[in-house]
Trainee: 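A single structure is presented below for examination.
Just so you know, these numbers come straight off a predicted model, no measurement behind them. Whatever order the structure lists them in is the order used to number ligands and atoms, beginning at 1.
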Amino acid sequence: MLSFLQQPLALLASCLPFLPSMKFPSPSISTAALLASSHVNVTAAKVFDLSDAKWTLTSPGNDSVVGIKGQVPSQAHLDLFAAGVIPDPYFGLNDFDLRWVARSNWSYAAEVEGLDSSNGTSTWLLFQGLDTFTSISFCGQHVASTNNQFRQYYFDVSSIFSSCPSTPTLNINFGSAVNITEAIANQPGQETWPVGVEQIYEFPNRQFMRKEQSDFGWDWGPAFAPAGVWLPAFVIQLPPSGIYVRNTLLDIHREGQLNNLPPDQSAPWIVNASLDVLGTVPSTAALAIEIIDMSNNTVASGFLENITVSGSTITGSVAVDSEACQLWWPNGLGPQNLYYFNISVFDGDQTLASVTKRSGFRTIVLNMEPISQAQLDQGIAPGNNWHFEINGHEFYAKGSNFIPPDAFWPRVNETKITQLFQSVVDGHQNMLRVWASGVYSPDFIYDIADEMGILLWSEFEFGDALYPVDAEFLANVKEEANYQVRRVNHHPSLALWAGGNELENLELELAAGLDPGNDRWRQEYEQLFLDILLPAVYGNTKSISYIPSSTTNGYLTLNFSLPIPMIERYNNETPGSIYGDTDHYNYDSSIAFNLSSYPVGRFANEFGFHSMPSLQTWQQALDPSDLYFNSSTIVLRNHHYPPGGLNTSNFAAGSAGMAEMTLAAERYYPVPHHSDPVANFSAWCWITQIFQADFYRSQIEYYRRGSGFRERQLGSLYWQLEDIWQAPTWAGIEYDGRWKVLHYVAKDIYQPLIIASYLNDTTGGLSAYVTSDLWSEAKGTATLAWYDYNGTLLSPPTNVPFTVGALNTTKVWQSTITTLPYSLKTSFMHLSLTATGSLPNSPNTSTFTHTSILATPHLNTVTLSDPGLLLSYNNNTGNFTVQATKAVAAWVWLDLPAGVLGNFDSNAFWLLPSDGVREVGFSLKSDGGNGGWAEGVTMRSLWDNTQP
Ligand code: BMA
């Protein structure tokens, strides 16, 4: 280990007599500039940002769009919309009406002014993201063609530039992805798979392109298939022997750490840096590093060892004392300590380039090792583990699935993600699964996650399909994977790489069913997901685990002496043993609350049901005449096709999706009958959200309780966090950031200590458990009280003292459905807990409270009466007060007017007259320019929702 800790630079330099004249760069970058994690400090390169050029957009052969103002980064739809050529793509049925844009070719052109034409200067084009099929020319000469949205492309155009007679024009011609993939699919020899991946509403053939898969449509989104320079682009000019850092790998791991395996937490940190450059790194080059904390103190600095230079990449590493740096923890588990890493390339006494990355010290492992004897002795079922460990600690992963927050990425900005991730943190979530068929998240998304403590389970962009395995496709994927793994590895929020979405549990199963006995599908799957993607992870980083498929039974063997260390388990299971994570969708709402219908696994990575967005959100996208439940526009924006829906029409499939929501609402709740059609529509939208939230609550309670059961279940990530547009989907947060009922309910049930009741639908057994995801024991009292629906307490409450262990559950009550003291038709049980314990990594004792309700799920069978709800707003405190003055209010809902963004501390709760006046805090994110917004807040409950 290099013992350079805490040494001032001067001292360090004096220790290195063989480099006497070397000047280590003092932190030459200001703290403000350092706020971005990827600030590249180029000492000699000239950087021309192509977003400053004057771009024009044309569509060859289409005279109506000649000479439109274009932008970089942007996409053709956005520029056409800004120029008034097309209407808002998100309005009405424009998802269908604008398909001509996706079927057209688009050409962006700009003159690149101000380039340096001195002798010896080299000139490069650098594209961070081209979407997707391009032909690029510079000064009228063809430079290259590209076909991968996820690769960084760079081209040496020095000779073209030096012979260019005038200011060079850069032309980027985008071919229609829809047409090109169709042409690829029709080429002789292209594979046809045993099961088609195309669905209605979607453009076919997405598996042939390396472009955001959901651009061709998904069951929660539209199909725009946009084209454009979607990420920043630059012209870089280098002096003779100059270099420019185009990508940086920073890997911080424990000495001896191997992917997927828990490392020794007492081992020193190894900091490995590897810079990819434009130009050539001299073989004599050296690398230096300085690690600076957020208060601008240098905690370590020195030269990297084990330097290797290979053409355009320079790599080195150094050990750092374990005690030198504070650990980074996820939200709720400790502080998010971050550090800046200034990395510089030297040759002799010349600084060739510097780069700054912000990172953190943490280990995060997906542990899939066999269950040990010690675990068996604790009562854990045999099989394999499947849980995450942060800095050596098991923890309960609480979160959801993140999909593309917009169909047009160039309009996703920091404000949007900050607001969204604040909702994640407010919702007690510590992990998001960044679903596999969108894009690799830009760095700013990881930056925000780093700051907020949100672990991002990240995936390569492959989903719900079998993919080509021809040499060209695989080579293309290899470039993409290496680039992306290296780009994002420094973010402490990066939790995992998964090969893709629902591959082993869905696609391979479908293939095996349709083509039994043919080994080919699995072999091809392994060619891509084991032979190409696994080495992209293992070859670049030691700190991150890899799984080929989001839902998986893990490995049979992990042996690092094999060329490909992972041998998959697939369905090679021993009865009674438990292995992997689970994915659960069941659209038969009659069994939604049957716990026996839920999967028993080690981790739930997807589960869900769809619901309508609010009236306020629909109003953004619909003509007022379409604001009724089964209007054709709404039906056609419901892309949740039923199983077997592939051969039906768009409308039939949309109707089936609508019917599932209606049936579920009618099955369990009194449904609305307002005479005002818009109020009725709003009430219906809301009731579909109640079912959705209740169904997720039931599953999350069940999965969390499993932390103390034989399955040792340690994660719940529901489908899906947020919406891409305004439509009926599985989201908990609507397109503009408004919380659905689900996000409030998930916030409640993701608290560290929860109490919940469980009905065993086979035996009729009823029980209540307290479940804790704290890392130490908590003690408290559970209080169980029976009420009727008027709010009368039926007998004195029962107090049950309890102790609940770390990451464990404890039973506090037991009965049977047939021996309850009161009928669930007329009464319900109110369960509450108060406990003391400590949050992980906190020296303080905290008090925890939680309440829940044991009621019949069929609330349409009980007689609800007017709760006499009262609502007021206190200007001084910014809080609302709510009260049920007459009877029990089930599912009290505070509703924000259109245009206002913010969230209540709690919502969608039951309110009893005996609760008296309840204060509800509120955080305003945007009042939409309406200072009097608070007066527009309304309140309803199940009873109110059914009034005429
Ligand atoms: C799973 C996900 C998504 C899909 C969701 C809802 O299949 O992986 O692909 O959108 O369910 O159907």
Side-chain angles (χ1 to χ4, degrees), residues 195-202 206-207 212-223 399-405 407 431-439 457-467 496 498-510 529 547-552 580-589 592 598-599 601 603-613 637-646 653-654 656-658 660-661 664 688 692 695-696 699 715-725 727-733 735 740 742:
V195 57
V197 295
E198 301 98 38
Q199 309 283 12
I200 52 172
Y201 296 105
E202 298 174 7
R206 65 175 166 82
Q207 68 275 32
E212 176 163 350
Q213 299 285 281
S214 63
D215 278 353
F216 274 28
W218 212 265
D219 58 1
W220 34 254
S400 50
N401 283 262
F402 174 70
I403 62 155
M431 182 180 285
L432 297 176
R433 174 177 160 240
V434 185
W435 170 82
S437 298
V439 304
W457 157 340
S458 302
E459 306 197 333
F460 294 99
E461 308 304 335
F462 299 89
D464 296 312
L466 297 172
Y467 285 85
L496 173 71
N501 178 59
E502 296 184 321
L503 301 169
E504 290 172 18
N505 61 319
L506 187 73
E507 292 304 316
L508 285 181
E509 294 288 305
L510 285 171
F529 295 96
I547 48 173
S549 167
S550 57
T551 311
T552 175
D581 58 342
T582 61
D583 175 318
H584 179 63
Y585 294 92
N586 191 330
Y587 296 99
D588 174 2
S589 56
Y598 304 161
F603 193 107
N605 60 309
E606 279 194 45
F607 52 95
F609 197 95
H610 54 154
S611 73
M612 291 281 263
R637 289 173 78 111
N638 185 335
H639 294 184
H640 166 48
Y641 31 81
L646 307 186
M658 300 303 290
E660 284 172 352
M661 292 188 287
T688 67
Q692 179 196 30
F695 185 22
Y696 286 49
Q699 285 191 69
S716 149
L717 309 179
Y718 62 82
W719 187 267
Q720 64 195 64
L721 172 68
E722 90 304 1
D723 260 329
I724 194 170
W725 71 331
T729 74
W730 297 252
I733 298 179
Y735 175 60
K740 281 177 162 180
L742 168 59

Trainee: Under 4.0 Å between a Lys/Arg side-chain N and an Asp/Glu carboxylate O for E212 and R206?
Mentor: no
Trainee: Measure up the H639 and Y201 rings against each other and bin them: parallel (under 30°), tilted (30 to 60°), perpendicular (over 60°).
Mentor: parallel
Trainee: Write down the atom of M612, the atom of K740, and the distance for their closest heavy-atom approach.
Mentor: O-CE, 3.4 Å
Trainee: Once you round to the nearest 0.5 Å, how far does OG of S611 lie from CD of E660?
Mentor: 12.5 Å
Trainee: With hydrogens left out, which residues have an atom under 4.0 Å from ligand 1, given that only heavy atoms count?
Mentor: W218, D219, W220, W435, D464, N501, E502, Y585, E606, W719, W730
Trainee: So, for Y587 and F609, is the gap between ring centers shorter than 6.0 Å?
Mentor: yes
Trainee: With ring centroids as reference points, do W457 and W435 lie under 6.0 angstrom apart?
Mentor: no
